[in-house]
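Single-structure report; data block below.
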Amino acid sequence: MNSHPSLCAEDCCSLPHGSDIDATATALRVLGDPVRLRIVTYIAAAQSPICICSMLQTFNVSQPTLSQHLKKLVQAKILRRTMRNTSAYYTLESAVLTELGDILAQWGAAAAHTAASIAAPITILFACRQNAGRSQIAAAIARSIAPTGVTILCAGTTPAKEIHPTVRTALAELGLEPANPTPQKLTPETVAESDWVITMGCGETCPIFLGKHYEDWEVADPAEADLPQVRTIIADIRTRVEQLLRTVAPQ
């Protein structure tokens with residue numbers, strides 16, 4: 001079964017194109033120097049053309065060094081240089097800085113949205129056919145390492161009568177117990193209350209709800225596996241669970 005990621009609105013992640021993005025990248029690189037950032041901040045606060053002579057009194061650098069910084073800022077189209085008699089005056093260029101400001105505003109809004117999403121409770125459902133092996137293993141591991149605010153569920157499309165004994169034994173070696181004492185039935189209601197649905201061998205029978213994140217993991221079935229094989233399956237599932245949690249609930 002294919003993953004169904006949430007779709008992004010077309011205008012929520014707009015970026016400048018071509019020469020605009022090149023200019024913005026150059027501006028970010030040039031402003032990475034602390035002295036240049038201080039110069040731009042100083043000129044912005046003045047709200048009027050600033051003579052290089054007055055900046056020499058403010059910044060503890062030599063005139064050749066200051067001139068070199070100003071030259072790079074002008075080349076990056078962050079500052080505009082004009083001459084009055086024999087003195088050079090500097091003001092802010094609007095185009096690149098406006099573009100840069102728009103991008104930073106987008107980043108800030110995206111960061112706030114991501115933080116809110118991370119802070120919100122998240123429910124992850126692991127499902128397989130019998131809820132006697134793979135989904136129990138995944139849920140047991142996830143519950144042991146998931147951060148606060150992440151709820152872990154597991155179920156099966158055709159639940160077995162009991163959890164595979166080798167699965168219980170292998171989990172016990174790790175100090176873990178199956179997520180459910182007995183296999184549970186996968187219901188539409190369980191899927192509906194979940195944010196992420198991870199299927200293992202039962203994707204074609206899992207109910208589909210809009211707005212959910214679906215992933216199908218190709219994991220070996222431990223039903224007929226011996227203990228060493230089950231340990232290998234558990235290691236595989238652990239790697240997948242850890243990656244999933246880094247995506248769903250980054251620390």
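Considering all non-hydrogen atoms of both residues, A170 and I234 come closest at CB-CD1, 3.4 Å. Looking at every heavy atom in both residues, L245 comes nearest to A142 through CD1-O, 4.3 Å. In this structure, P181 and I163 approach most closely via the heavy-atom pair O-CD1, 3.6 Å. Closest of all the heavy-atom pairs between G201 and D216 is N-OD1, 4.0 Å. In this structure, Y214 and I208 approach most closely via the heavy-atom pair OH-CA, 3.2 Å. Counting all heavy atoms, side chain and backbone alike, L37 lies closest to T41 at O-OG1, 2.8 Å.
A 4.5 Å side-chain heavy-atom check between W107 and D102 finds every atom pair outside the cut-off. Contact annotation: the side chain of F126 approaches that of I152 to within less than 4.5 Å [non-hydrogen atoms, C-beta and beyond]. Here the side chains of E224 and H164 are not in contact, with every heavy-atom distance at 4.5 Å or above. Using a 4.5 Å heavy-atom cutoff, the side chains of D195 and I124 are not in contact. The shortest distance between side-chain heavy atoms of V167 and P178 does not fall below 4.5 Å.
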Next item on the list: Applying side chain to side chain contact (heavy atoms under 4.5 Å, CB included), run through M200 and S135 and close with a yes or a no.
Entry: CA-CA 7 Å; M200 290 166 276; S135 58; 4.2 Å; yes

Notebook entry, point to check: Under the side chain to side chain contact (heavy atoms under 4.5 Å, CB included) criterion, do I39 and M55 qualify, and how do the steps go?
Noted result: CA-CA 8 Å; I39 291 171; M55 283 188 274; 4.0 Å; yes

Note to self: Checking R80 against T82 for the side chain to side chain contact (heavy atoms under 4.5 Å, CB included) test, could you report, in this order, the C-alpha distance in whole Å, the side-chain angles of both residues, the deciding distance, and whether it holds?
What the structure shows: CA-CA 7 Å; R80 179 191 298 271; T82 56; 4.2 Å; yes

Notebook entry, point to check: side chain to side chain donor-acceptor pair (under 3.5 Å) between T166 and T169: does it pass, once the steps are laid out?
Noted result: CA-CA 5 Å; T166 50; T169 300; over 6 Å; no

Notebook entry, point to check: Between R81 and Y90, does a side chain to side chain donor-acceptor pair (under 3.5 Å) hold up when you go through it step by step?
Noted result: CA-CA 5 Å; R81 180 176 182 267; Y90 294 85; 3.2 Å; yes

Next item on the list: Give the C-alpha distance, both sets of side-chain angles, the deciding distance and a yes or no for side chain to side chain contact (heavy atoms under 4.5 Å, CB included) between R143 and I141.
Entry: CA-CA 6 Å; R143 285 181 180 175; I141 294 171; over 6 Å; no

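The backbone N or O of N180 lies less than 3.5 Å from a partner atom in the side chain of Q136, making a donor-acceptor pair. Side-chain atoms of K185 do not come within 3.5 Å of backbone N or O of T158 as any donor-acceptor pair. Judged by distance alone, the side chain of E162 and the main-chain N or O of A160 form no donor-acceptor pair under 3.5 Å. No side-chain donor-acceptor contact under 3.5 Å links N131 to the backbone of P159. A donor-acceptor pair under 3.5 Å is absent between the side-chain atoms of S87 and the main chain of M83, judged by distance alone. Listed for the T190 side chain is no donor-acceptor partner under 3.5 Å among the backbone atoms of L186. For the pair K212 (side chain) and A192 (backbone), a donor-acceptor distance under 3.5 Å is present. Judged purely by atom type and a 3.5 angstrom limit, D33 uses its side chain to pair as donor or acceptor with the backbone of V35.
The distance from the CZ atom of R231 to the CG atom of D226 is 9.0 Å, given to the nearest 0.5 Å. Atoms OG1 and CD1, on T91 and I50 in that order, are 10.0 Å from each other to the nearest 0.5 Å. The CD atom of Q63 lies 5.0 Å from the CG atom of L56; values are rounded to the nearest 0.5 Å. Atoms CZ and CD1, on R168 and I137 in that order, are 12.0 Å from each other to the nearest 0.5 Å. Within the model, atoms CG of L70 and CZ of R36 stand 10.0 Å from one another, a figure rounded to the nearest 0.5 Å. Remark: L125 CG to H213 NE2 distance equals 14.0 Å, nearest 0.5 Å.
A salt bridge is absent between K77 and E93: the closest approach of a Lys/Arg side-chain nitrogen to an acidic carboxylate oxygen does not fall below 4.0 angstrom. Between R134 and D221, at least one side-chain N (NZ, or NE/NH1/NH2) sits under 4.0 Å from a carboxylate O, which counts as a salt bridge.
By the ring-ring contact (aromatic ring centres under 6.0 Å, His included) test, F209 is found to be paired with no residue, residues two or more places apart in sequence or in another chain being considered.
With 3.5 Å as the limit, one finds a donor-acceptor pair spanning the side chains of Q243 and R246.
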